[in-house]
**Q** 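Take a look at the following structure, please.
Note that this is a predicted model, so its numbers are computed, not measured. Numbering of ligands and ligand atoms starts at 1, following listing order.
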Amino acid sequence: MRPLPISMSDTPDDGDGDTAVVTKTRPKTAKPPLYKVLLLNDDYTPMEFVVIVLEKFFGINHGQAVEIMLTVHKKGLAIVGVFSHEIAETKVTQVMDFARRHQHPLQCTMEKED
Ligand code: TYC
């Protein structure tokens, strides 16, 4: 935790020739948890559709999107981003809706980061 700046009133000088340094710390505030968004492989969703999903909803450039799509294709899944709970939920919903609208079985899920 970063120390707060020290102000004059924090450094009492009682006139005895020495000085005191007072370091204040903020009370601990827990960071909100982060969530991994995962894309899952299947046998039917076209590769080009997955690339479009990665570009459209995750702002990933074409080359990286092809790489990530191929990782999912070969390994079964990949992390495509890490977000707050609300943003992760939005991404999952957007991808699932888009896949359903195009009648592809593509699956996208989220998982709390440890
Ligand atoms: N396995 C699919 C195919 O051969 C491609 C694919 C890649 C599907 C990534 C889903 O998340 C996925 N057409």
**Q** Looking only at distances, can you tell me whether any N or O atom of L106, backbone or side chain, sits closer than 3.5 Å to an N or O atom of ligand 1?
**A** no
**Q** Starting from atom 8 (C) of ligand 1, find the nearest protein heavy-atom neighbour and note its residue, name and distance.
**A** N41 OD1, 3.5 Å
**Q** When only distance counts, is D42 in polar contact with ligand 1, meaning an N/O pair under 3.5 Å?
**A** yes
**Q** Is T45 close to ligand 1, meaning an N/O of one under 3.5 Å from an N/O of the other?
**A** yes
**Q** Tell me whether T71 contacts the main-chain N or O of A78 through its side chain, where contact means a donor paired with an acceptor under 3.5 Å.
**A** no
**Q** Any side-chain heavy atom of L39 sitting closer than 4.5 Å to one from V95?
**A** yes
**Q** Mark up the atoms of ligand 1 that fall under 4.0 Å of a heavy atom belonging to L39, in ascending order.
**A** 11 (O)
**Q** Look at atom 4 (O) of ligand 1 and say which protein heavy atom is nearest, naming residue and atom and giving the distance to 0.1 Å.
**A** H73 CE1, 3.1 Å
**Q** To the nearest 0.5 Å, what is the distance between CG on L54 and CG on N61?
**A** 10.5 Å
**Q** If you have a sec, work out which protein heavy atom is nearest atom 9 (C) of ligand 1 and how many Å separate them, to one decimal?
**A** V72 CG1, 3.5 Å
**Q** In this structure, which one of I52, V51, V53 forms a side-chain contact (heavy atoms from CB on, under 4.5 Å) with M69?
**A** V51
**Q** Between V92 and T109, is any pair of side-chain heavy atoms under 4.5 Å apart?
**A** no
**Q** List the closest protein heavy-atom neighbour of atom 11 (O) of ligand 1: residue, atom name, distance to the nearest 0.1 Å.
**A** L40 O, 2.8 Å
**Q** Can you find a pair of side-chain heavy atoms, one from I60 and one from E55, that are under 4.5 Å apart?
**A** no
